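Inspection log for the structure reproduced underneath, given as structure tokens.
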Amino acid sequence: MRSSTSGLNVTRRGFAKATALAGIAAAAGTGGLFGCAPSSKEPSESNEPVAREEKIVWNHCMSCAFSCCPLKFHVVDGNIAWVENPDNGSTEFGGNQFRPCLRGRSIRRWINHADRITQPMKRVEGTKRGDGKFEPISWEEAIDLTYEKLKYCIDTYGNEAVSRNCAAGPGYSGLFGRLMNLLGGMTDWYGTDSQGQGCLATWHTVYGTWRCDGMASGPYASDARDAELIVLFGFSATLSRMGGHGSGYEFAVARENGARIISIDPVYTEDSCAHPDEWVPIRPHTDGALASAICYVLVNEGLADFEFLRTHAVGFDEDTMPESAKGKNLSYKDYLMGTGYDMTPKTPEWASPITQIPVDKIYEIARAIGNAKKCYIAQGLGPQRAQNGENLARAILMVSIISGHWGYTGSGNGMYPACATLGPNIGGLPLGENPVKTVLPTQLVADAIDHGDQLTAKRDGLWGVEKMGTCLKFLMADARGGLGSSRPDLNYIRDVLRDESKLEFLVGSDFFMTSTMELCDLVLPDLMPYEKELELKGTMSGGHMSGFVFGQKVQDAPDGIMSNYDFFCELAKKFGVYEEFSDGGKTWDDVQTANYEALRERLEYMPTLEEGIEMGMFWHDEVSKNSFEDFYNDPEGSPLGTPSGKIEIYSETLAELAETREPLDEWDVITPVATYQPGLGSFADPDIEQYPLQVISIKPKNRYHGTMQPNELLDQANRHTIWINPMDAEPRGIANGDKVRVFNKYGEIQIEARVTPRVVPGVMSMTDGKWRVIDENGVDVGGNVNTLAFNRPSPLAKHNCNNSIVAQVEKL
Ligand SMILES: Nc1nc2c(c(=O)[nH]1)N[C@H]1C(S)=C(S)[C@@H](COP(=O)(O)OP(=O)(O)OC[C@H]3O[C@@H](n4cnc5c(=O)[nH]c(N)nc54)[C@H](O)[C@@H]3O)O[C@H]1N2
Ligand SMILES: Nc1nc2c(c(=O)[nH]1)N[C@H]1C(S)=C(S)[C@@H](COP(=O)(O)OP(=O)(O)OC[C@H]3O[C@@H](n4cnc5c(=O)[nH]c(N)nc54)[C@H](O)[C@@H]3O)O[C@H]1N2
Ligand code: SF4
Ligand SMILES: [Mo]
């Protein structure tokens with residue numbers, strides 16, 4: 001049973017009844033259903049339907065970080081009855097409307113789910129992390145326990161032994177970091193699970209610096225509207241940006257405007273179906289070979305933009321090589337033509353057996369790109385989430401650069417389309433200075449627990465220090481999944497966490513007992529945005545449409561939940577730093593209000609907070625402009641941030657890193673130009689003999705990774721299956737709907753098979769994020785793909801290689 005603090009008890013039946021009554025009232029034409037009419041408190045003496053109070057409350061869908069669609073909640077007598085999409089914008093084809101997808105529209109099934117955790121839960125003494133045995137404790141006990149453990153770890157092991165886990169929770173606000181910085185700091189991390197390798201690629205090619213959105217700062221997808229040709233490498237926008245203001249829709253508009261759309265993906269995704277010009281099936285991890293061959297044809301046939309390469313880039317050919325590398329056949333042209341590096345010309349004939357794309361098709365794509373006046377080239381984040389991800393992402397960038405379809409409005413820069421936004425997160429309080437200098441790549445958190453004292457800058461990519469001085473002993477996993485479902489090699493992580501001699505304390509905060517929460521010592525329930533008085537959030541879109549939601553409390557939270565902010569305030573009191581932590585006693589609403597005022601100073605056209613609340617949401621059309629356009633128009637006057645100020649096709653920094661980094665083995669390859677590297681976990685992995693199929697993942701339609709899994713209706717609508725090509729299924733006797741075991745040396749999952757030609761032979765595809773269920777044999781019968789992935793990080797970014805999996809499949 002779920003109860004609200006207003007004293008209204010809502011069972012599921014009662015809830016359905018209230019909704020039905022609202023329906024009757026509406027049908028009977030009873031006034032006051034919309035717009036806060038007073039509810040009838042008197043029992044009705046006649047058979048007249050009882051009017052219920054119905055009002056519309058704006059908030060946003062927190063499901064996918066790349067959209068945050070505005071939602072109009074219809075609230076009847078204090079409870080969500082249904083969700084409507086906003087009606088602002090234009091319904092004409094080519095116009096934009098914020099249209100939430102199925103997850104947003106059915107969000108009440110998640111918000112109101114009976115499995116919400118409503119009390120702090122402590123792991124039962126004598127059980128191990130992951131055993132799933134918890135007992136409820138009071139908030140006082142939870143605060144005391146966290147205080148004791150954190151203080152003990154700081155006093156005993158030092159601040160460097162404390163950290164937080166990175167992952168995707170859109171509600172994350174950095175509060176633990178702020179508290180820790182007041183207490184002497186903690187080990188921080190860089191990167192994301194989304195685009196670590198890609199960010200390194202753009203850093204060393206176009207930015208000259210680390211940008212957390214390094215891949216996602218390409219032009220909007222709406223730039224593609226007047227493109228002649230759109231080439232997408234592993235970008236399933238229709239799946240991963242499902243809102244009406246998303247890239248999927250923008251590509252549909254471009255298609256209707258006459259663009260030819262080529263989708264290069266091992267999976268026949270919704271994008272390939274929706275824009276049926278062309279699906280070019282590719283073997284995973286081989287985009288580097290395809291991209292090199294495209295560039296080879298562009299150069300060989302005179303279709304490259306040689307003038308642009310001369311004025312805007314270094315390292316294309318000998319003439320534009322930096323002094324340090326002249327005369328050594330180290331230019332990109334040398335790599336392509338086979339006069340340097342591996343001395344192999346990167347012809348389509350060379351790339352075809354690697355990529356499994358026919359030779360003629362590669363020539364045809366290259367010529368189409370080379371001859372197009374306006375070509376929008378973009379890559380998704382799936383391809384770079386691989387062991388050879390940095391080089392692969394850079395190679396795709398090269399297609400844009402070499403063809404000259406880079407930097408102007410209408411080109412895609414070969415990057416991930418940016419999201420127009422008015423400020424994605426209104427933010428919390430400033431983090432402050434962190435006295436601890438150790439910064440880990442996100443991927444290495446489990447390693448830092450297991451053997452942090454052996455991690456180094458040279459081998460493991462630490463920032464700030466040459467070597468870490470300790471293992472991690474205290475970890476905060478607030479508003480994040482990560483360790484239990486989203487990081488590679490979940491069995492390794494679980495083993496590390498179950499050994500209590502390693503991590504002393506793991507605190508998590510979430511709405512449900514997720515796979516990550518199950519591994520915690522203490523689980524703290526949190527308020528959802530719909531239960532906070534004020535929830536300010538910018539939408540993000542793949543197009544040019546920017547919105548801002550002035551979210552209001554939709555309904556009361558289940559009894560007993562304390563917000564994350566209030567929890568950290570209480571913890572700060574224990575440590576005697578409350579005043580500093582809360583910036584003089586600010587409430588969360590105060591913080592949000594102050595941050596909004598700061599945003600308004602930057603964006604003067606935004607309404608006042610009061611006006612915004614009245615409106616529910618505000619939006620405007622951003623002018624599409626390629627973020628590199630100034631450099632494109634004037635490379636000398638507006639140089640890039642790279643050491644040379646130009647596009648670095650050859651990077652001296654990478655050449656140096658190739659010399660100074662300690663590779664783990666011969667698979668850890670860093671090269672100064674973008675080269676094709678086969679990569680572990682690909683068809684070139686020696687393990688392929690034993691585990692002959694590659695496994696990659698796509699984004700689930702019914703979840704945001706693991707978020708929203710408890711919405712059973714959506715779970716049924718989008719069953720959790722693994723896609724297998726008939727050529728692989730038939731010899732194994734696997735038919736559609738069969739239960740299969742998928743296994744390799746890292747673990748085993750059990751899952752339903754979907755036999756379909758929508759995935760290339762030799763590859764299986766499934767969705768990420770599913771919560772694990774470990775049976776008595778250690779098999780993940782929940783079916784999380786990361787049970788099969790390896791823990792080893794990529795060569796340069798030292799990030800997660802979730803798509804680098806080889807495995808075998810058998811019918812159960
Ligand atoms: N429905 C839904 N939408 C989401 C999310 C969600 O969980 N659910 N998550 C959000 C998040 S956090 C992110 S980061 C974005 C990511 O958004 P995207 O980058 O669009 O999605 P990915 O699933 O990372 O990968 C995209 C595609 O890469 C393909 N792919 C995999 N390996 C290769 C390869 O080697 N070569 C080529 N050419 N293609 C390959 C996959 O088949 C997939 O179609 O999505 C966001 N949107
Ligand atoms: N194999 C494979 N692995 C992948 C990927 C892949 O494509 N394939 N994709 C990767 C990508 S792109 C990403 S971003 C990661 C995502 O990795 P995760 O972060 O693990 O994603 P979620 O499962 O959505 O977990 C986020 C959790 O935060 C909680 N949360 C959200 N908001 C709040 C809040 O306000 N307060 C609190 N307390 N909790 C909140 C949600 O309920 C949810 O349980 O996974 C990565 N892992
Ligand atoms: S596209 Fe993403 S943010 Fe928008 S409604 Fe769907 S899940 Fe929610
Ligand atoms: Mo992501």
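Whatever order the structure lists ligands and atoms in, that order sets their numbers, starting from 1. Model, not experiment: these values are computed from the prediction. Quick note: numbers below take in every heavy atom, side chains included, and nothing from hydrogens, waters or symmetry partners.
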Which atoms from ligand 2 have a heavy atom of [X] less than 4.0 Å away?
X: Gly482; value: 18 (P), 19 (O), 20 (O)
X: Val785; value: 1 (N)
X: Ser509; value: 37 (C), 38 (N), 39 (N)
X: Thr514; value: 44 (O)
X: Asp510; value: 27 (C), 28 (O), 29 (C), 38 (N), 39 (N), 41 (C), 42 (O), 43 (C), 44 (O)

*May I ask you to list the atoms of ligand 3 that are less than 4.0 angstrom from any heavy atom of Cys101?*
1 (S), 5 (S), 6 (Fe), 7 (S)

*May I ask you to list the atoms of ligand 3 that are less than 4.0 angstrom from any heavy atom of Gly243?*
1 (S)

Could you tell me whether some N/O pair between [X] and ligand 2 is separated by less than 3.5 angstrom?
X: Asn800; result: no
X: Asn803; result: no
X: Tyr704; result: yes
X: Lys699; result: yes
X: Gly769; result: no

*For Tyr565, which residues count as a ring-ring contact (aromatic ring centres under 6.0 Å, His included) partner, sequence neighbours excluded?*
Trp588

*Per the side-chain hydrogen bond (donor to acceptor under 3.5 Å, both in side chains) rule, which among Arg385, Glu390, Gln384, Gln387 passes with Ser794?*
Glu390

[X]-[Y] aromatic ring centre distance below 6.0 Å:
X: Trp58; Y: Phe73; answer: no
X: Tyr596; Y: Phe548; answer: yes
X: Phe618; Y: Phe550; answer: no

*Salt-bridged, Asp687 to Lys745, with N to O below 4.0 Å?*
yes

*Of all the atoms in Cys69, is at least one N, O or S atom closer to atom 6 (Fe) of ligand 3 than 2.8 Å?*
no

*State which residue, out of Lys699, Lys701, Arg241, fulfils the salt bridge (charged side-chain N to carboxylate O under 4.0 Å, His left out) condition with Glu270.*
Lys701

